[in-house]
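Let me begin by presenting the structure, written as structure tokens, before commenting on it.
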Amino acid sequence: MSDKTYSHSPPPSASDAIRALLYSQITQNGPLPISSFIEIVLGHPDFGYYRRQNPIGAAGDFTTAAEISGLFGEMCGVYLEYMFETAGKPGTAQIIELGPGCGSLMADMRHIWARTMPTMLDLPIHLVETSPQLRKTQKQRIQANSITWHTDVQSLPNAALFGVANEFFDALPIDQAVWRQGRWRHRLVTAVHGTLGFVDGPALTLPELARWQITNDHQVITEGSIAEYCPAAEIIMQQLASRITHYGGACLIIDYGKNDNFNDTLQAVSAHKPVDLFYQLGNADISHWVNFAALRRTAINAGSRFVGPVTQADFLKAIGIRERAENAARSYDASGRRSLFAAFDRLVGAHHMGTAFKVGLIVPAGNGVPVGFSREDK
Ligand code: SAH
């Protein structure tokens with residue numbers, strides 16, 4: 001046998017490495033909470049999904065409103081301008097964004113401010129972003145003098161904040177419970193015959209049931225029904241809302257979501273197609289439908305006000321997206337106009353993002369209905 005025939009096994013892929021890590025944790029400690037599974041699969045520094053440079057956009061795995069058209073960021077920019085003015089243009093304010101992705105939304109907001117509210121361009125920008133790769137992309141895209149990155153909301157400066165979180169809360173890890181014979185049990189991740197899958201865990205305790213506040217609205221709970229809980233969303237919302245309570249400001253929360261936590265909404269997406277949660281570990285984005293009822297409850301408990309949610313279509317139309325698109329279209333040629341109106345349709349059309357996406361607003365406690373929100377809170 002020639003000494004050239006020795007074989008090296010191929011280097012393990014990121015997916016294999018994550019699978020091995022999960023197996024070893026499950027063998028040592030037993031089944032994992034779904035939130036721990038998601039944290040590893042998305043956040044592992046070497047093999048997790050967020051190690052990627054460009055998960056967002058046509059060449060990535062999913063496209064956000066901010067990447068569809070500059071119209072979206074411009075409308076958010078116009079809105080924050082209005083909130084800044086309504087708050088009396090506080091001198092020590094900051095601009096914030098949670099999970100800025102490629103930085104397009106912030107860049108498009110600044111584009112508008114340059115034309116209509118240049119004072120907002122001078123406010124320091126504070127971005128909450130955990131991915132080192134995306135921080136680099138944001139730095140290049142936003143091109144501002146004063147940007148500070150934070151790993152969490154807690155380290156933001158003590159000052160009024162004006163900001164936005166688009167498709168941020170859906171990315172946070174959730175836990176699930178499953179209804180079995182009259183009780184809610186934790187739904188955990190385990191390895192069965194060498195394959196990852198779900199298993200029932202212990203029943204939720206009374207304090208857990210009080211925290212989860214499972215609401216099934218008009219839907220019937222049957223054997224195997226699923227409920228969800230996002231602990232990280234509540235911690236972040238608590239910190240964000242208490243800052244707004246103490247220092248003032250306004251923050252838009254935009255995401256696909258609903259007003260309860262009933263049903264299984266976990267989804268994995270790779271190259272714009274749904275994939276199995278346990279397939280392509282670390283190569284697919286994992287998200288869930290945001291529970292706006294929990295966000296609202298947490299914001300109110302932190303002393304602030306949560307206006308909405310209303311649908312993205314209702315919000316964007318109420319603040320004038322149609323007029324803005326028609327105005328912009330005047331300076332485009334026929335093909336430019338076609339793509340502009342296609343983007344408009346994706347943002348507000350009921351079969352695209354218009355109704356699945358909701359918009360909520362955190363402001364200090366007060367009365368009245370802010371522009372864009374057709375009704376009082378809720
Ligand atoms: N807002 C952007 C991107 C949304 S994707 C857009 O609209 O295009 C989700 C973003 O949240 C990514 O930037 C991701 O890296 C970031 N992210 C996910 N979990 C996070 C966490 N726990 N803390 C801070 N940022 C997080």
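Positions are given from 1 along the sequence. In what follows, every heavy atom counts, from backbone to side chain, and hydrogens, waters and symmetry copies are set aside. Just so you know, ligand 1 is whichever comes first in the structure, and atom 1 is the first atom listed for that ligand.
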Residue from Asn261, Asp264, Asn263, Thr265 passing side-chain hydrogen bond (donor to acceptor under 3.5 Å, both in side chains) with Gln176: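 Only one of Asn261, Asp264, Asn263, Thr265 forms a side-chain hydrogen bond (donor to acceptor under 3.5 Å, both in side chains) with Gln176, namely Asp264.
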
Shortest heavy-atom approach to atom 2 (C) of ligand 1 - which of Pro132, Pro173, Gly99: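 Shortest heavy-atom distance from atom 2 (C) of ligand 1: Gly99.
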
At a non-hydrogen distance cut-off of under 4.0 Å, which region of [X] contacts ligand 1 (side chain, backbone, both, or neither)?
X	result
Asn166	both
Leu134	side chain
Ile56	side chain

Using 30° and 60° as the class boundaries, would you call the ring planes of [X] and [Y] parallel, tilted or perpendicular?
X	Y	result
Trp289	Tyr256	tilted
Phe373	Phe315	tilted
Phe47	His44	parallel

Heteroatom distance test ([X], ligand 1): nitrogen or oxygen, under 3.5 angstrom:
X	value
Phe168	no
Thr64	yes
Leu172	no

Heavy-atom nearest neighbour in the protein, as seen from [atom], with distance rounded to 0.1 Å:
atom	answer
atom 17 (N) of ligand 1	Thr130 OG1, 4.0 Å
atom 9 (C) of ligand 1	Glu167 O, 3.4 Å
atom 14 (C) of ligand 1	Glu129 OE2, 3.5 Å

Partners meeting ring pair (Phe, Tyr, Trp, His ring centres under 6.0 Å) with His246 (sequence neighbours left out):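 With neighbours one apart ignored, the set is empty.
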
In ligand 1, which numbered atoms sit nearer than 4.0 Å to a non-hydrogen atom of Gly101?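 Once the distances to Gly101 are compared, the set is 2 (C), 3 (C), 13 (O).
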
Are Asp200 and Arg180 close enough for a salt bridge, meaning some N to O gap below 4.0 Å?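 Looking at Arg180 together with Asp200, the answer is yes, because their closest N to O distance falls below 4.0 Å.
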
Taking the ring centre of each residue, are Phe278 and Phe198 less than 6.0 Å apart?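 Yes, they do, as the ring centres are separated by less than 6.0 Å.
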
Has Trp149 got a side-chain atom pairing as donor or acceptor with His126's backbone, closer than 3.5 angstrom?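 Such a contact is absent between Trp149 side chain and His126 backbone.
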
